[in-house]
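Sequence lines set the chain letters: A, B, ... in the order given, protein chains first and strands last, and positions in each chain run from 1. Scope of the values below: all heavy atoms of this structure, side chains included, with no hydrogens, waters or symmetry mates.
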Number of protein chains: 2
Amino acid sequence: MKHTTIKDVASKLNVSVSTVSRAFNDKYDIRTETKELVLKTAKEMGYRPNPIARKLIQQRSLNFGIIVPEFVNSFFPEVIIGAQEVLLAEGYQVLIMQSNESSETEMKNVDTMVDNMVDGLIVSLTCENENIEKYKELIASEMPIVFFNRVVDDLPASKVVFDDYKWAFFATEHLLVQGHTDIVHLSGPKNLLLSKNRSQGFDAAHRKHKIPVGRKIPCGFSMEEGERVALDLIKKDEVPTAIFAASDPGAIGAMKVFKDHGYAIPKDIAIVGFSESSLAEHIAPPLTSVSQPTRDIGQTAAKLLLEQIDTKGLFVPQTIVLNGRLNVRESSMKV
Amino acid sequence: MKHTTIKDVASKLNVSVSTVSRAFNDKYDIRTETKELVLKTAKEMGYRPNPIARKLIQQRSLNFGIIVPEFVNSFFPEVIIGAQEVLLAEGYQVLIMQSNESSETEMKNVDTMVDNMVDGLIVSLTCENENIEKYKELIASEMPIVFFNRVVDDLPASKVVFDDYKWAFFATEHLLVQGHTDIVHLSGPKNLLLSKNRSQGFDAAHRKHKIPVGRKIPCGFSMEEGERVALDLIKKDEVPTAIFAASDPGAIGAMKVFKDHGYAIPKDIAIVGFSESSLAEHIAPPLTSVSQPTRDIGQTAAKLLLEQIDTKGLFVPQTIVLNGRLNVRESSMKV
DNA sequence: ACCGTTTACGGGAACGTTTCCGGTAATGAT
DNA sequence: ATCATTACCGGAAACGTTCCCGTAAACGGT
């Protein structure tokens, strides 16, 4: 691994290091003729500028970092792909880290990214969500950063979010319209803004239809959590006629348990999920769910970040709200 | 973003830069007393050694790179998590890149990783698989690298793979035992070793049971591909009584199309997949599939890499074959 | 012919570390 | 008391770039 350096190609051509550097950064102060010569022989010698050294002197890396809480479900990978699309096109490379829903590793990830001098960060918070101070410092120190999906209220940064309130409203209303009056909401982690919003949408739909607001049970974003809650409901003999879960995995876990215990879906219990995991349309019965524009979320976040870097200084954080749709499927259909 | 540097803490304590550096690295040549003082005030000042500068001088990064062809399905994320578990524990950070099944971006990813001086690489090849020469050069230049899952024969590197032959054999035999004599194999991308192995397992099972080997149709690792192939079979009126797909998404895509066209699963067509995506047990009907020890694959690859780095030089590439199991579910059950 | 301006390039400092090479004071042996 | 050894620490080069500054040549105008 002996990298050929800029000096090697300089001495080979009997030019100065500066000239070679200029050829690669195609600035002024170089004759196109020599520039092409340099570029040509550099290629022959297999020379590529060392980005480490470049980062050190320029204090920037042409890298962006994306930090997500998990990527076993397809949601985050899809967002990442969207962000990559626009970032790669602009000549940036994208570093991905996952914090495994742990605030601690999330913080380590952030440190690693900062230490590696990424030019900006795209992050979705973990459920634990204990690093807000850290992020405030980061933002204060002018690190460009945009949050998506998992955001909190009081961070002065750009955010791209989904209109959770609205779509939770629609999802709930869909159940109410079918005649359900006993809907249980499996709400998300309580310190996430999106949980609050979805919960409020749930409430609003009830109010509109003048039906007492249903029960709410905290439930994490995993199948296991959904299973746990469903089991609990069965055990306590408090099974409702419908469930609106704040996540698809939660909905699917619950559905599995109910099915296993002899409940018919949607006849005995109607179920609606949220987030449109790739599972939704393939499970039995197909799951009604709110789909989010994953790729679009990633793209928008990336664009926001680029914009923020361009307008450095005179920039105001903005929040972009994206639209979705409710995919009605068998799991919530009136029989 | 004004990093406090080593100089800042040195001048604050009226010691030399070397001393501070020693406090952070070596144990010799420094009094434990001063070492602790340095460490303490460094922490107070919020100083962290700049890894960029360190990389530049040391020519190593304490970073490892993982390159996967995609991560929309849960297979690769799970492998990554496994690898991270062991690598993080050893003090390394893990950089992840996805090549989107494109050899070109795969190559760019490799370049980025190398340029960023990762100490080693864990990679699973794209289907296109056109960078073998590139990898040969890399290996020749002594870059530690281990391949997994998507490997090719003639790369002199460590590999951790799955016994595709064996499990394809079992999966096929499972169908044969149920009395199927007309099984179509949706084979994977042809330049991947695993495709060949699964295909040969398919053959072997037929031979053992003295039944003519069934048809084979090339089929990519995506639902769309599965749908395409299934549609084609229906159109040509060549629908078999059973299908053994080399991937779960392929199997699921096909299943969807068959169901949509009125075929009953498993009554009209039995289906077996491969890879145990998280979908398998939740779709309708639940999909029989070969499950791979994803996390274990990641861990093993990581360990192999660490080992290779420790025994630098006197190291021989080894291939580790991991075991799996066949999860028999409704999609292939005799009715 | 003279002077200012432009063009093209070289020299060298700087980025933040690590690490080798010395040097000084303290320690131990003789 | 002298000398060799040890324990700590400082100075400075090096890693591979970028970029500011300086300057020689070429050029144009008077």
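- Here Arg31(A) does not pair with Glu36(A) in a salt bridge; the nearest charged N to carboxylate O distance is not below 4.0 Å.
- Regarding contacts with the backbone of dA14(C), every side-chain N or O of Gln58(A) stays at 4.0 angstrom or more from both OP1 and OP2.
- Regarding Arg48(B), its CZ atom lies at a distance of 14 Å from the P atom of dG16(C), rounded to whole Å.
- In the displayed structure, Lys134(A) atom NZ is contacted under 6.0 Å by more than 12 heavy atoms of other residues, nucleotides or ligands.
- Put simply, Ser18(B) has no side-chain N or O that comes within less than 4.0 Å of OP1 or OP2 on dT19(C).
- When the nucleotides dC9(D), dT18(C), dT18(D) are ranked by their closest atom to the side chain of Asp29(B), dC9(D) comes out on top.
- When the side-chain nitrogen and oxygen atoms of Tyr47(A) are compared with OP1 and OP2 of dT17(D), one or more of them lie within a distance under 4.0 Å.
- For CD of Gln59(A), the number of neighbouring non-hydrogen atoms (other residues, nucleotides, ligands) closer than 6.0 Å is greater than 12.
- A 4.5 Å side-chain heavy-atom check between Leu155(A) and Phe147(A) finds at least one atom pair inside the cut-off.
- Between the side chains of Glu70(A) and Gln98(A), no donor-acceptor pair is found at a separation under 3.5 Å.
- Taking only side-chain nitrogens and oxygens, Asn50(B) never comes nearer than 4.0 Å to OP1 or OP2 of dC15(C).
- Rounded to an integer number of Å, the gap from Asn14(B) CG to dC9(D) P is 13 Å.
- With hydrogens and angles left out, the side chain of Thr19(B) and the base of dG10(D) share no donor-acceptor pair within 3.5 Å.
- Regarding Lys35(B), its NZ atom lies at a distance of 12 Å from the P atom of dC8(D), rounded to whole Å.
- The phosphate of dC9(C) (OP1 or OP2) has a side-chain N or O of Arg31(A) nearer than 4.0 angstrom.
- Ring orientation note: the planes of Tyr92(A) and Phe64(A) are tilted relative to one another, at an angle of 30° to 60°.
- Contact between the side-chain N/O atoms of Thr34(B) and the OP1/OP2 oxygens of dC9(D) is found at a separation under 4.0 Å.
- At the phosphate of dG10(D), OP1 or OP2 sits under 4.0 Å from a side-chain N or O atom of Ser16(B).
- Put simply, the side chain of Arg22(B) and the base of dG10(D) share a donor and an acceptor less than 3.5 Å apart.
- Annotation: the terminal axes of the helix from dA1(C)-dT30(D) to dT30(C)-dA1(D) meet at 50°, where each axis is the rotation carrying the C1' atoms of four end pairs onto the next four (5 pairs per end, rounded to 10°).
- Of the listed nucleotides (dC9(C), dC9(D), dG16(C)), dG16(C) has the atom at the smallest distance from the side chain of Leu56(B).
- Listed candidates were dC15(C), dT17(C), dG10(D). Nearest to the side chain of Ile57(B) is dT17(C).
- Taking atom CD1 of residue Ile52(A) and atom C1' of nucleotide dT18(D), one finds them 15 Å apart after rounding to whole Å.
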Starting from the C-alpha separation in whole Å, work towards a yes-or-no answer on salt bridge (charged side-chain N to carboxylate O under 4.0 Å, His left out) for Glu44(A) and Lys40(A). CA-CA 6 Å; Glu44(A) 286 171 7; Lys40(A) 178 166 157 284; 3.5 Å; yes
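- At dG16(D), one or more side-chain N or O atoms of Gln59(B) fall inside 4.0 Å of OP1 or OP2 (strictly under the cut-off).
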